[in-house]
Amino acid sequence: MLTLQALRHDRDAIQSALAKRGLDAAPLLDRILDLDLQRRTTQKEVDDLKAQQNAASREIGDLFKSGQKAEAEARRAEVGELKERIHELDEQQKALIQQQEAALLELPNRPHDSVPSGQSDADNEVVDEEGTKPELGADAKPHWELADQYRLIDFEAGVKISGAGFPVYRGKGAKLQRALIQFFLDRADAAGYEEFIPPHLVNSDSGRGTGQLPDKEGQMYHCADDDLYLIPTAEVPLTNLFRGDLLKADDLPIQLCGYTPCFRREAGSYGKDVRGLNRLHQFDKVEIVRFEKPENSYAALDGMVEHVKGLLRDLELPFRTLRLCGGDLGFTSCLTYDLEVWSAAQGRWLEVSSVSNFETYQSNRLHCRFKNGEGKPELVHTLNGSALALPRIVAALLENHQTADGIHIPAALQRYTGFDRIA
RNA sequence: GGAGAGAUGGCAGAGUGGUCGAUUGCGGCGGUCUUGAAAACCGCUGUACCGCAAGGUACCGGGGGUUCGAAUCCCUCUCUCUCCGCCA
């Protein structure tokens, strides 16, 4: 969430930045600042009363020690009244803080200056486009047909054992998954990201830390008996590794990566979006995460985008980069680049990566800080990106690289698959 | 699942009702010494909120209670550790 300090100092700028999301934040901002004023007023009052009580307690202690019992008893009665009033004000202040927290949670992150305003994904800005879209014949097949033809993925078996959105990979289809994961991890490692294998179930504190809770409660699978959530992305456990920590300036930047399965309920999805591998309840992803000093975070963001582009180039997939508009920008993000690959047989772009800078929005909830040059604790900037999510990559690989005599495996991937063609 | 022990500042670890926001060590910062460094010695070194400031308030796992006064006593929750049981 945004910091109160930012809201106090930059209210108007924040309001106009949030307008790019199509959000009229004025009422909420007014409410938060009003609650803030009330809280400060109450605190001043209660602090003064507590100061009186503390002073009285010290005196009473001294009186008892010097044997002035009567005097001490008299003072005790006085303090009784103070206590009542203090308790009352404490409760008031607690309520104010609670309301303020709730209001702050409703407020999304402030979009970066470069974020275009817009309503939906139609208004996203295409930053660049790279690679050549293949010319496929009229008999080109979508990936779900190819997956069936070459016996790579059994969607029906998945339906039987779990339900829709839980594909079963088999044979070369399974090997391709494993090859991609290994390829992505090796590339992340080469780029300086330390590999982690985190838990796949997390507690609610972790969900709150990265902003999935309370905002996207319904999107995560929840194990009610143990109050644990299946991770929707490795971002959650990886970022929460440093929840509550005070880092040294020398520790930064921190670069992590990890492969995990990801679980998403995807309530409300339908139609062509869910066909084949386009949208799943369980899928595999390699995630990269960075903790940065504020002055470095946007350079780091560019570096992450470049890293992802390198992967797509080596997979010989045509792709484009989008700068998300305010309306499409995630709740917790300041600036997000989406990378999309061209799905030749479906004739559409598929999102395969989302790279974001959250600035201090997550670290404020996480209480993750570092000691800056002056030795003062300061919130770190957090960033993350998919590098990469597998299903749509597989879809694009199958569709784009289909030939009359099978599916060609990109050269960079062959040492991982152990085969150069699926036939 | 059963029994017991514990949770204190960046880390380690004292503190069992009253100047305790907290002894000490390590780490960090500054200084003396040195050509430089190490060692030694000296000093400083938690966070948040309110306040122009002086200063005030809160925080010893979370929540509640007793008391004029709680790190310290009571209740409760969470977590960690040890032992036993079960088990990949």
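Proteins come first, then strands; the chains are lettered A, B, ... in the order of their sequence lines, and each starts at number 1.
The interatomic distance linking A:K50 (NZ) with B:G55 (C1') rounds to 17 Å, in whole Å. Rounded to a whole Å, the CG atom of A:L246 is 13 Å from the C1' atom of B:U45. When the C1' atom of B:G46 is taken as reference, atom NE2 of A:H367 falls 16 Å away, rounded to whole Å. Here B:U57 presents its P atom at 9 Å from CG of A:D48, a figure rounded to the nearest Å. Distance NE2 (A:H87) to C1' (B:G64): 10 Å, rounded to an integer number of Å. Remark: P of B:C68 and CD1 of A:I86 are 14 Å apart, rounded to the nearest angstrom. Nucleotide B:U47 holds its C1' atom 13 Å from the CG atom of A:L379, rounded to whole Å. If you measure from atom CG of A:L49 to atom P of B:C50, you get 18 Å, rounded to the nearest angstrom.
Comparing A:Q93 and A:R58 along RNA chain B, the residue whose closest nucleotide (by nearest heavy atom) sits nearer the 5' end is A:R58. Each of A:I60 and A:Q52 lies near RNA chain B, and the nucleotide nearest A:Q52 is the one positioned closer to the 5' end.
Taking the P atom of each, B:G21 and B:U57 are spaced 10 Å apart, rounded to whole Å. B:G6 and B:C73: their P atoms are spaced 11 Å apart (whole Å). Of the C1' atoms belonging to B:A7 and B:C59, the separation is 16 Å, rounded to the nearest Å. For the P atom pair drawn from B:U72 and B:G63, the interatomic distance equals 13 Å after rounding to whole Å. B:A22 and B:C44: their P atoms are spaced 13 Å apart (whole Å). Nucleotides B:A37 and B:U16, compared at atom C1', are 47 Å apart to the nearest Å. Comparing B:G10 with B:U45, their P atoms sit 15 Å apart, to the nearest whole Å. Between B:A5 and B:G61, the two C1' atoms lie 16 Å apart (nearest whole Å).
Residue A:Q5 has a polar side-chain atom (N or O) positioned under 4.0 Å from OP1 or OP2 of B:C49. A:K94 has no side-chain polar atom (N or O) that falls below the 4.0 Å cut-off from OP1 or OP2 of B:A58. Contact annotation: A:Q53 does not reach the phosphate of B:C68 (side-chain N/O to OP1 or OP2, under 4.0 Å). Side-chain N/O atoms of A:N203 include none lying less than 4.0 angstrom from OP1 or OP2 on B:C79. OP1 or OP2 of B:G46 has not a single side-chain nitrogen or oxygen of A:K371 nearer than 4.0 Å. Distances shorter than 4.0 Å separate none of the side-chain N or O atoms of A:N54 from OP1 or OP2 on B:G69. Contact between the side-chain N/O atoms of A:R40 and the OP1/OP2 oxygens of B:G51 is found at a separation under 4.0 Å. At B:C50, one or more side-chain N or O atoms of A:R39 fall inside 4.0 Å of OP1 or OP2 (strictly under the cut-off).
Across the strands present, B:C87 finds no partner; the criterion is a Watson-Crick or G-U wobble pair with both atom distances under 3.5 angstrom. In a base pair of the Watson-Crick type (N1 to N3 plus N6-O4 or O6-N4) or a G-U wobble (N1-O2 and O6-N3), with each distance short of 3.5 Å, B:A12 is matched with B:U24. In a base pair of the Watson-Crick type (N1 to N3 plus N6-O4 or O6-N4) or a G-U wobble (N1-O2 and O6-N3), with each distance short of 3.5 Å, B:G46 is matched with B:C59. Both distances falling under 3.5 Å, in either a Watson-Crick or a G-U wobble arrangement, place B:C41 opposite B:G31. The nucleotide B:A71 finds no pairing partner, because no Watson-Crick or G-U wobble arrangement with both distances shorter than 3.5 Å includes it. For B:A3, the paired base is B:U82 (Watson-Crick or G-U wobble, both distances below 3.5 Å). The base-pairing partner of B:G36, taking Watson-Crick or G-U wobble contacts with both distances under 3.5 Å, does not exist among the strands shown. Of all nucleotides present, none satisfies the Watson-Crick or G-U wobble test against B:A54 with each distance under 3.5 Å.
Residue A:N124 forms a side chain to side chain donor-acceptor pair (under 3.5 Å) with just one option from A:D328, A:T336, A:D338, and that option is A:D328.
In this structure, a donor-acceptor pair under 3.5 Å is present between the side chains of A:N278 and A:Q346. Using a 3.5 Å distance cut-off with no hydrogens or angles, the side chains of A:H367 and A:D245 do not pair a donor with an acceptor.
Candidate nucleotides B:G69, B:U47, B:G56 were compared by shortest atom distance to the side chain of A:Q43, and B:G56 ranks first. When distances run from any side-chain atom of A:R369 to the nucleotides B:A48, B:U57, B:C68, the shortest one goes to B:A48. Checked against B:G65, B:G56, B:C50, the side chain of A:K44 finds its nearest nucleotide in B:C50. Checked against B:U57, B:A48, B:G69, the side chain of A:P377 finds its nearest nucleotide in B:A48.
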> Could you walk me through whether A:T382 and A:R290 pass the side-chain hydrogen bond (donor to acceptor under 3.5 Å, both in side chains) check?
Replying inline: CA-CA 6 Å; A:T382 62; A:R290 296 177 73 125; over 6 Å; no
>> Go through it in stages, so that I can follow the logic: the residues are A:Q177 and A:D284, the test is side-chain hydrogen bond (donor to acceptor under 3.5 Å, both in side chains), and I'd like the CA-CA distance, side-chain angles, deciding distance and then a yes or no.
In response: CA-CA 8 Å; A:Q177 291 289 116; A:D284 295 302; 3.2 Å; yes
> Given the rule in the ring-ring contact (aromatic ring centres under 6.0 Å, His included) test, do A:H112 and A:Y298 qualify, once you have shown the distances and angles that lead to the verdict?
Replying inline: CA-CA 10 Å; A:H112 186 259; A:Y298 280 95; 4.4 Å; yes
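In this structure, A:K172 is positioned above the aromatic face of A:F419, its NZ or CZ under 6.0 Å from the six-membered ring centre and within 45° of the axis.
Within a 6.0 Å radius of CD in A:Q149, other residues, nucleotides and ligands contribute more than 12 heavy atoms.
Contact annotation for A:A56: no contact, since no heavy-atom pair falls under 4.0 Å across all strands.
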